[in-house]
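Proteins get letters first, then strands, A, B, ... in listed order; numbering begins at 1 in each.
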2 protein chains.
Amino acid sequence: MSHYAFEAHDHETCVESGVATAEEICTERGLQLTRTRKRVLEILLSEHKAMGAYDILDVLRAEGLGSQPPVAYRALEFLINQGFAHRIERLNAFVACSHLEASHAPVFLICRLCNSVSEVQSDSRKSEISRLAKRAGFAVELMVREAEGICPKCARVA
Amino acid sequence: MSHYAFEAHDHETCVESGVATAEEICTERGLQLTRTRKRVLEILLSEHKAMGAYDILDVLRAEGLGSQPPVAYRALEFLINQGFAHRIERLNAFVACSHLEASHAPVFLICRLCNSVSEVQSDSRKSEISRLAKRAGFAVELMVREAEGICPKCARVA
DNA sequence: GCTTGATACGATATATCATAACGCTTATGC
DNA sequence: GCATAAGCGTTATGATATATCGTATCAAGC
């Protein structure tokens with residue numbers, strides 16, 4: 001398993017292949033990865049950190065791609081619906097998906113020092129939440145699993 | 001395991017014993033369960049649902065206990081720090097703790113139809129998040145585990 | 001060509017959630 | 001009692017998110 005957010009890696013590849021894969025998937029699904037949507041995805045991919053909608057909007061604004069909140073939120077909604085991005089509930093912020101190839105049961109590890117967010121894939125059926133929900137007769141539709149703490153990089157420095 | 005939110009139960013007891021236990025704990029810890037804090041706890045205990053800070057504030061306002069947002073947020077902060085209440089990240093809202101006696105590794109089951117929130121206790125060490133974090137060398141300080149879906153009560157009706 | 005419907009976008013306004021900062025009051029330890 | 005800390009009231013503002021209405025674009029069907 002890889003933890004891009006916490007490890008040195010060729011980051012150019014993350015952005016390029018992220019966008020390329022998203023483009024392929026959109027073509028397959030007959031959807032449009034419009035200029036704004038693509039740019040928002042790139043912005044999110046540019047760092048393994050969560051960004052607020054208004055931070056993203058600032059970039060869009062500077063580039064003349066839109067200046068009002070709905071512009072950012074609509075693009076984010078699209079990216080999230082297609083699984084290209086995730087919302088981090090704990091931060092009210094957004095990250096690019098770093099496991100586009102895989103199916104979805106992400107766990108997010110959020111470093112409170114460097115703000116990096118690592119997405120780890122997991123089998124949702126194995127999760128404690130699923131087990132407890134099943135026992136309670138609760139039908140899970142959506143799962144939020146986030147941990148806040150210190151990433152290995154920051155732990156070494158501290 | 002009990003799922004008060006999803007089952008018939010003597011709800012008076014929830015409120016009374018919740019407040020009583022909180023009072024005991026505050027005494028032990030040398031803290032003040034002031035009028036406002038106590039009232040906010042009662043409000044939260046009055047239903048097994050998450051309430052927004054402004055909903056709580058409305059009640060306080062109607063009772064002359066405070067009219068500005070900080071009043072509600074301060075009380076909530078206290079209750080959360082003491083473990084008497086929890087924040088539901090997914091909803092930006094708050095619930096009373098329903099397992100005051102137990103230690104903390106709650107999972108929340110949120111019904112999107114009736115808005116009830118059930119708190120289930122779990123051993124945090126067993127959790128998938130802990131396992132994945134450990135593997136990544138990530139030191140977890142705080143965990144968010146929430147599931148949204150349909151509760152058994154609503155499933156029967158639908 | 002024209003209409004229709006679907007999708008996306010632009011813009012305004014507003015709703016919702018949260019905190020900083022300041023000064024006053026009350027509780028508590030000595 | 002007095003000093004200190006804890007709590008509270010209030011104002012102002014910051015941060016996040018959505019409802020709504022109108023317009024542009026494009027493809028499908030006539």
Side-chain angles (χ1 to χ4, degrees), chain A residues 22-23 25-41 43-44 49-82 84-95 115 144 146, chain B residues 22-23 25-41 43-44 49-82 84-95 115 144 146:
Chain A
E23 266 170 342
I25 294 175
C26 281
T27 304
E28 272 173 33
R29 297 180 187 165
L31 300 170
Q32 308 173 49
L33 191 64
T34 59
R35 211 152 106 75
T36 307
R37 290 169 177 176
K38 182 173 170 181
R39 187 65 189 116
V40 171
L41 179 57
I43 293 167
L44 288 179
K49 296 189 179 175
M51 293 186 72
Y54 283 74
D55 297 331
I56 293 166
L57 184 58
D58 286 343
V59 179
L60 295 179
R61 188 178 286 134
E63 297 174 356
L65 275 172
S67 61
Q68 299 305 322
V71 173
Y73 281 102
R74 284 199 281 240
L76 286 166
E77 184 185 20
F78 174 86
L79 296 174
I80 288 171
N81 285 340
Q82 299 312 315
F84 303 156
H86 301 287
R87 178 183 171 81
I88 306 297
E89 298 293 344
R90 173 74 186 159
L91 303 177
N92 291 339
F94 307 85
V95 280
N115 297 309
V144 178
E146 299 169 359
Chain B
E23 268 171 341
I25 294 175
C26 282
T27 303
E28 271 173 33
R29 296 180 187 167
L31 299 170
Q32 307 174 48
L33 191 64
T34 59
R35 211 152 107 73
T36 306
R37 290 170 177 176
K38 183 174 169 179
R39 188 66 190 114
V40 170
L41 179 57
I43 293 166
L44 288 178
K49 297 190 178 174
M51 293 185 71
Y54 280 71
D55 297 331
I56 293 166
L57 186 56
D58 287 342
V59 179
L60 295 179
R61 188 178 285 134
E63 297 175 356
L65 276 172
S67 60
Q68 299 305 321
V71 173
Y73 282 101
R74 284 199 282 241
L76 286 166
E77 185 185 20
F78 174 86
L79 296 174
I80 289 170
N81 285 339
Q82 299 312 315
F84 303 156
H86 300 288
R87 179 183 169 80
I88 306 297
E89 298 293 344
R90 174 74 186 160
L91 304 176
N92 291 340
F94 306 86
V95 280
N115 297 310
V144 177
E146 299 169 359

Report summary line: Among D/dT10, D/dC8, D/dA17, the one nearest any side-chain atom of A/Asn92 is D/dA17
Query raised in the report: Roughly how many Å is it from CG in B/Leu57 to P in C/dA15, rounded to a whole number?
Result: 17 Å
Query raised in the report: Does D/dT18 have OP1 or OP2 sitting under 4.0 Å from an N or O in the side chain of A/Arg74?
Result: no
**Report entry** Nearest-Å distance for atom pair CG/P, residues A/Leu91 and C/dC17
**Finding:** 18 Å
Requested in this report: Would you mind reading off the distance between A/Lys38 atom NZ and C/dC9 atom C1', rounded to a whole angstrom?
Outcome: 18 Å
Query raised in the report: What nucleic acid atoms does A/Arg35 come within less than 4.0 Å of, heavy atoms only: base, sugar-phosphate, or nothing?
Result: nothing
Query raised in the report: Ignoring hydrogens and geometry, is there a side-chain-to-backbone donor-acceptor pair from B/Arg39 to B/Leu60 under 3.5 Å?
Result: no
Requested in this report: Drop me the distance from A/Arg37's CZ to A/Glu77's CD, to the nearest 0.5 angstrom.
Outcome: 9.0 Å
Query raised in the report: Is any side-chain nitrogen or oxygen of B/Tyr73 closer than 4.0 Å to OP1 or OP2 of C/dA18?
Result: yes
Query raised in the report: Is the shortest side-chain N/O distance from B/Tyr54 to OP1 or OP2 of C/dC17 below 4.0 Å?
Result: no
Query - Under-4.0 Å side-chain N/O to phosphate OP1/OP2 contact, B/Thr34 with D/dC8 - result: yes
Requested in this report: Please state how far atom CZ in B/Phe94 lies from atom P in C/dT16, giving the value in whole angstrom units.
Outcome: 16 Å
Query raised in the report: In whole angstrom, what separates A/Leu76's CG from C/dA8's P?
Result: 15 Å
Query raised in the report: Which residue, A/Gly52 or B/Gln68, contacts DNA chain D at a nucleotide closer to its 5' end, judged by nearest heavy atom?
Result: B/Gln68
Query - Matching residue for B/Met51 among B/Val95, B/Leu57, B/Ile56 - test: side chain to side chain contact (heavy atoms under 4.5 Å, CB included) - result: B/Ile56
Query raised in the report: Can any side-chain N or O of B/Glu146 pair as donor or acceptor with the backbone N or O of B/Glu89 at less than 3.5 Å?
Result: yes
Query raised in the report: With respect to the side chain of B/Pro70, which nucleotide from C/dG10, D/dA17, C/dT19 is positioned closest?
Result: C/dT19
**Report entry** Distance below 4.0 Å between A/Arg87 side-chain N/O and D/dA17 OP1 or OP2
**Finding:** yes
Report task. Specify the separation, in whole Å, of atom CG of B/Leu65 and atom C1' of D/dG7. Result -> 14 Å
Report summary line: In whole angstroms, the gap separating C1' of C/dA27 from CZ of B/Phe78 amounts to 14 Å
Query - Atom pair NZ/CZ of A/Lys38 and A/Phe84 - distance to nearest 0.5 Å - result: 12.5 Å
Query - Distance in angstrom units between B/Leu33 CG and D/dA6 C1', rounded - result: 15 Å
